[in-house]
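Notes to accompany the following structure.
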There are 2 protein chains.
Amino acid sequence: MRISQLAAATEIPVATIKYYLRENLLHDGVLTSATQARYDDSHVRRLKLIRALIGTAGLSVSATREVLLGLENPPESGHDLLGIAHHAVTRTAADDVDLSAAQKLLDRWGWGAAACDRDTQAALVEALHGLSEAGFEAPAALLDRYAAAMQDIAEADVESVPTDSAEAAMQHVVLGTLLMEPVLLAMRRLAQQSASVQRFGGAGSPRRPGPE
Amino acid sequence: MRISQLAAATEIPVATIKYYLRENLLHDGVLTSATQARYDDSHVRRLKLIRALIGTAGLSVSATREVLLGLENPPESGHDLLGIAHHAVTRTAADDVDLSAAQKLLDRWGWGAAACDRDTQAALVEALHGLSEAGFEAPAALLDRYAAAMQDIAEADVESVPTDSAEAAMQHVVLGTLLMEPVLLAMRRLAQQSASVQRFGGAGSPRRPGPE
DNA sequence: TGACTTAGATAGTGACACTCGCCAATATTG
DNA sequence: CAATATTGGCGAGTGTCACTATCTAAGTCA
């Protein structure tokens, strides 16, 4: 398969494929001469994965590179693999962030504070900070309810990891973590719309207050 | 309060405040002369809100403008207000998107397909498509479990909307929708880490496979 | 009076994800 | 074999975005 056929098969412009090659997101094809290389199915699959990570999951090119690298050189532990996925979507926290608020919540939810990544804890603290800065004080009961729901989801996540093949487990953990996020957010919005209709009545569609 | 004091109070550079003024995110101060204006507490609050929407929630400047506009000129129905918030985080779907997959899921989850916004449905379809393109086929049972959890969250969302003041309700719906998303995602990651330790054992921290 | 601040406008910056154009070397086609 | 098309590799350009810097005339304050 030549690059133009690869482009046709994936609907990605040749220039973009070349860019991904340069950025080491996509492995090189086999050079058959100085100006020709062969690509195969693995390139097609890889490109689809790249587009899903960059497009659907909204990762940056460099975060995508790290995730792909992690998939190729998997750590021994499934837990560390999860760390790679989480690291890709969580920006590094400053050293002086106060995590005590997060620790308190983790303790309350029984999520063994020690086991949890600093950066992810910082992300929670920052998100809650943004909320309160905007004048929204989330009642503890509401957060608890959210936490219970997310714990349920996380348990489903972890339970659904296949144990037979290590490679399948990796794919599953990383993709399930990163690509499922937009699914979950879309689900929440749809569920909100449904609940909102029942609560407020469906005066109009969410987008249009009525006939124009 | 002059602009430099406003900048000091919010820790936002003067140049950035001027930019927000130009972009109509922030209302003008009261001109006391051709080159002086007074700002007050409402500007401080507004700036904090803007930063939360752009920074925490990750909205674009133009989406932020639409949300703020919606907060100022509230629609009569709470449901329409939710639509404004959802519209801000959901890109407009093409006309020819096939929503039948979404309809089927909405029916199965009892979320009254008709009541749900087209664009949000399209976002779900697209997110699921990205997942399968990447080679991750989510079992229906897993999606059902996710849906149940998100429904629980959405019900908590809608129930927690205050009914006394219309203004408070607006703030609540919009901020609860937009600013809570990063909170929920951080919670999921932390819960995953906790569940992962219990499943795979905590061989190392998620970020570091071991002592270096 | 003179140093400092400001509104308002224009232009510039850096990051990001591509996208384009070029060239020499090949491959394909007639 | 010659004409045409394609390719790898590389440097440079594009458009978008959220700022950021600079300038000027007009003001404020000590």
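FYI, side chains are in, hydrogens and waters are out, and symmetry mates aren't considered; it's all heavy atoms of this structure. Bear in mind that the values here come from a model prediction, so they are computed numbers and not experimental data.
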Nearest listed nucleotide, side chain of [X], among [options]:
| X | options | answer |
| --- | --- | --- |
| A:Arg22 | C:dC20, D:dC19, C:dA7 | C:dC20 |
| B:Arg38 | C:dA17, D:dC29, D:dC19 | D:dC29 |
| A:Leu31 | C:dA17, D:dG8, C:dA7 | D:dG8 |
| B:Ala15 | D:dG8, D:dT20, D:dC29 | D:dT20 |
| B:Arg2 | D:dA21, C:dT6, D:dC19 | C:dT6 |
| B:Tyr19 | C:dC18, D:dA18, C:dT6 | D:dA18 |

> Toward the 5' end of DNA chain D, which comes first, B:Arg51 or B:Gln36, by nearest nucleotide?
Replying inline: B:Arg51

> Hey, which of these two, A:Ala37 or B:Lys18, hits DNA chain D nearer its 5' end, going by closest nucleotide?
Replying inline: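 By nearest-heavy-atom nucleotide position, the 5'-most residue is A:Ala37.
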
Side-chain N,O ([X]) to OP1/OP2 ([N]) below 4.0 Å:
| X | N | result |
| --- | --- | --- |
| A:Tyr20 | C:dC18 | yes |
| A:Thr35 | D:dT6 | no |
| A:Ser33 | D:dG8 | no |
| B:Tyr39 | C:dA7 | yes |

Take the protein atom [atom1] of [X] and the nucleotide atom [atom2] of [N], then report the distance between them rounded to whole Å.
| X | N | atom1 | atom2 | result |
| --- | --- | --- | --- | --- |
| A:His43 | D:dG8 | NE2 | P | 10 Å |
| A:Arg65 | C:dC16 | CZ | P | 11 Å |
| A:Ile3 | C:dT28 | CD1 | P | 16 Å |
| A:Glu11 | C:dC18 | CD | C1' | 18 Å |
| A:Ile12 | C:dT19 | CD1 | P | 11 Å |
| A:Leu25 | C:dA17 | CG | P | 10 Å |
| B:Ile17 | C:dT6 | CD1 | P | 10 Å |
| A:Leu53 | C:dC18 | CG | P | 12 Å |

> Can you tell me how far CG of B:Leu82 sits from CZ of A:Arg189, rounded to the nearest 0.5 angstrom?
Replying inline: 10.0 Å

> Rounded to the nearest 0.5 Å, what separation is found between the CG atom of A:Leu53 and the OG1 atom of A:Thr64?
Replying inline: 5.0 Å

>> Given A:Tyr20, which partner from the list A:His27, A:Arg51, A:Arg46 fulfils the side-chain contact (heavy atoms from CB on, under 4.5 Å) test?
In response: A:Arg51

>> Over all strands shown, is B:Leu21 touching base, sugar-phosphate only, or nothing at heavy-atom distances under 4.0 angstrom?
In response: nothing

>> Classify B:Thr32 by what it touches in the nucleic acid, base, sugar-phosphate, or nothing, heavy-atom distance under 4.0 Å.
In response: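 Here B:Thr32 touches no strand at all.
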
> What's the verdict on side chain to side chain donor-acceptor pair (under 3.5 Å) for A:Trp111 and A:Gln151, showing C-alpha distance, side-chain angles and the deciding distance?
Replying inline: CA-CA 9 Å; A:Trp111 294 353; A:Gln151 182 171 349; 3.1 Å; yes

> Are A:Glu126 and A:Arg91 close enough for a salt bridge, meaning some N to O gap below 4.0 Å?
Replying inline: yes

>> Please check: side-chain N/O of A:Ser194 versus main-chain N/O of A:Leu190, any donor-acceptor pairing under 3.5 Å?
In response: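 Here the side-chain-to-backbone pair does not exist.
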
